[in-house]
**Q** 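Sharing a structure here in structure tokens format.
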Amino acid sequence: MPGGRLTQQERQQIALGLADGLPYAEIARGLDRPTSTITREVMRNGGPTAYRADLAHRATEHRAHRRKQATRQEADGLPQAHGRDAEAVREYEEVFTTVMMQSGMPRMMARVLTCLTITDAGSLTASELVQRLQVSPASVSKAIAYLESQAFIRRERDERRRDRYVVDDDVWYQAMIASARATTQVIETARQGVGVLGPGTPAAARLENVARFLDFVSENMTRAAEQARAVLHTKVETDPGSAAEPRRDG
């Protein structure tokens, strides 16, 4: 069934499709599955070059067992905030993590960033992250160090003088600006190559065109980020029985 769990035979078909270099969408059509299901399955189990059907099947069974245990623990604890469906939240967390990984972020770093992002407070301590993600303190520490270095999160002290890790409202703005700055370095390097390879040569012309293209994109990306920055500070007001309406301060 398209909405059910992948079978071992389907995973073998995914592995064969990857070996043949087929895109995720084509593999999905052959199995009558959503493309997102195939993408998530592959990225969760080593990526397109390391995917193995038997290992993926065993890993999924292990995750299902852990999920059942977690569900039982939640049933004995407090209900989900705002009446959320715990299983739906877990599924969404996996999807968001997969998207972050596809953008180039390492898996554990993506898991930590996702966990912080979908938490209402937008902040957690290291011990809370360890508990939520069921990973070692060392894994969380390494992920935190990476995310701080990339300005995805910041650190602050709470009233108990514990370090809390916060997803800042400006995180996506800062990420866009950092990307634009990195692009600027590529532009400068490309233009250096024009002088090395000789103006007017085919290779130099190619590099000059690359520099011009990236310069245009970087400039517009920076301008758009500045213009849209206020959106990240939009407050959302909710009224019982009605859809959430955004409100911008000021």
Side-chain angles (χ1 to χ4, degrees), residues 40 43 80-82 84 88-133 135 137 139-189 213-239 243-250:
R40 188 164 61 248
M43 296 303 296
Q80 282 278 314
H82 307 292
R84 292 170 179 143
V89 172
R90 276 193 297 273
E91 285 294 325
Y92 176 75
E93 187 170 358
E94 290 186 1
V95 170
F96 198 104
T97 298
T98 299
V99 171
M100 292 294 99
M101 290 169 61
Q102 286 181 303
S103 73
M105 186 175 291
R107 176 171 174 76
M108 183 52 60
M109 290 64 171
R111 291 190 68 196
V112 169
L113 181 60
T114 298
C115 188
L116 288 168
T117 301
I118 68 174
T119 301
D120 284 318
S123 72
L124 293 166
T125 64
S127 61
E128 288 170 338
L129 285 164
V130 167
Q131 183 177 9
R132 285 171 178 259
L133 298 174
V135 296
S139 296
V140 168
S141 179
K142 183 178 180 181
I144 288 296
Y146 171 86
L147 293 170
E148 280 190 300
S149 72
Q150 300 297 312
F152 279 110
I153 63 174
R154 61 181 171 82
R155 185 189 307 235
E156 63 181 29
R157 288 288 182 93
D158 62 16
E159 65 281 357
R160 295 168 60 184
R161 300 197 60 76
R162 299 176 302 177
D163 282 337
R164 298 192 69 86
Y165 302 102
V166 182
V167 173
D168 196 279
D169 287 341
D170 266 346
V171 62
W172 298 107
Y173 167 79
Q174 297 295 347
M176 292 291 285
I177 295 302
S179 177
R181 286 173 182 158
T183 302
T184 299
Q185 293 180 336
V186 177
I187 295 167
E188 292 174 354
T189 304
F213 170 77
L214 292 178
D215 197 18
F216 179 84
V217 171
S218 177
E219 181 181 343
N220 281 274
M221 184 167 63
T222 301
R223 185 184 301 114
E226 293 287 357
Q227 292 173 346
R229 189 177 187 180
V231 174
L232 293 169
H233 300 274
T234 299
K235 303 298 182 184
V236 177
E237 295 179 348
T238 58
D239 187 46
E245 292 292 337
R247 176 179 64 81
R248 187 170 297 169
D249 287 342

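All residue numbers refer to positions in the sequence shown, counting from 1.
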**Q** Shortest non-hydrogen contact from V167 to T117?
**A**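 Heavy atoms only, the tightest pair is CG2-N, 3.9 Å.
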**Q** Within this structure, what is the CE-CG distance for the pair M100 and L113, rounded to the nearest 0.5 Å?
**A**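 Atom-to-atom, M100:CE and L113:CG are 6.5 Å apart.
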**Q** Could you check R164 against S123 for side-chain hydrogen bond (donor to acceptor under 3.5 Å, both in side chains), going step by step and ending with a plain yes or no?
**A** CA-CA 6 Å; R164 298 192 69 86; S123 72; 3.2 Å; yes
**Q** In plain terms, say whether E219 and R223 are close enough for a salt bridge, that is, a side-chain N and a carboxylate O under 4.0 Å apart.
**A**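 R223 and E219: salt-bridged.
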**Q** Check M108 against S139 and note the closest heavy-atom contact, atom names and distance.
**A** CG-O, 3.7 Å
**Q** Between atom CG of L124 and atom CG of L129, what is the distance when rounded to the nearest 0.5 Å?
**A** 5.0 Å
**Q** Could you tell me which non-hydrogen atom of Y165 sits nearest to which non-hydrogen atom of A126, and how far apart they are?
**A**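 Closest heavy-atom pair between Y165 and A126: CE1-N, 3.8 Å.
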**Q** Passes side chain to side chain contact (heavy atoms under 4.5 Å, CB included), I153 versus L116? Steps please.
**A** CA-CA 9 Å; I153 63 174; L116 288 168; 3.8 Å; yes
**Q** Is there a side-chain contact between R40 and E91 in this structure, where contact means two heavy atoms from C-beta onward sitting under 4.5 Å apart?
**A** yes
**Q** Does the S218 side chain pair with the main chain of D215, one donor and one acceptor, at a distance under 3.5 Å?
**A** no
**Q** To the nearest 0.5 angstrom, please state how far the CZ atom of R132 sits from the OG1 atom of T119.
**A**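 Atom-to-atom, R132:CZ and T119:OG1 are 4.5 Å apart.
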**Q** Give, for atom OG1 of T98 and atom CD of E93, the distance between the pair rounded to the nearest 0.5 Å.
**A**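 These two atoms lie 10.5 Å from each other.
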**Q** Minimum heavy-atom separation for A110 to M101, with atom names?
**A** CB-CG, 3.8 Å
**Q** How far apart are the C-alpha atoms of R107 and R111, what are their side-chain angles, what is the distance that settles it, and do they pass the side chain to side chain contact (heavy atoms under 4.5 Å, CB included) test?
**A** CA-CA 6 Å; R107 176 171 174 76; R111 291 190 68 196; 4.2 Å; yes
**Q** Does CD in Q131 sit with more than 12 non-hydrogen atoms of other residues, nucleotides or ligands closer than 6.0 Å?
**A**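 No, because the 6.0 Å sphere around CD of Q131 holds 12 heavy atoms or fewer from other groups.
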**Q** Compare all side-chain heavy atoms of V112 with those of L147 and state whether any distance is below 4.5 angstrom.
**A**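 Heavy-atom side-chain distance check passes, below 4.5 Å.
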**Q** Donor-acceptor pair, S141 side chain versus P137 backbone, under 3.5 Å?
**A**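 Answer holds: no.
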**Q** For R157, does the CZ atom sit with more than 12 other heavy atoms under 6.0 Å from it, leaving out its own atoms?
**A**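 Result for CZ/R157: enclosed.
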**Q** Atom CD in Q174, atom CZ in F152: separation rounded to 0.5 Å?
**A** 10.5 Å
**Q** Restricting to non-hydrogen atoms, name the atom on M221 and the atom on S179 that form the minimum distance, rounded to 0.1 Å.
**A**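 Smallest interatomic distance, heavy atoms only, reads CE-OG, 3.9 Å.
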**Q** Out of curiosity, I177 CD1 to R229 CZ, how far, rounded to the nearest 0.5 Å?
**A**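 Taking CD1 in I177 and CZ in R229, the distance rounds to 8.0 Å.
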**Q** Taking all heavy atoms of A225 and all of Y173, pick out the closest pair and write down the distance.
**A**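 Residues A225 and Y173, closest heavy atoms: O-CD1, 3.6 Å.
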**Q** So, the side chain of R84 versus the backbone of V89: is there a donor-acceptor pair under 3.5 Å, distance only?
**A** no
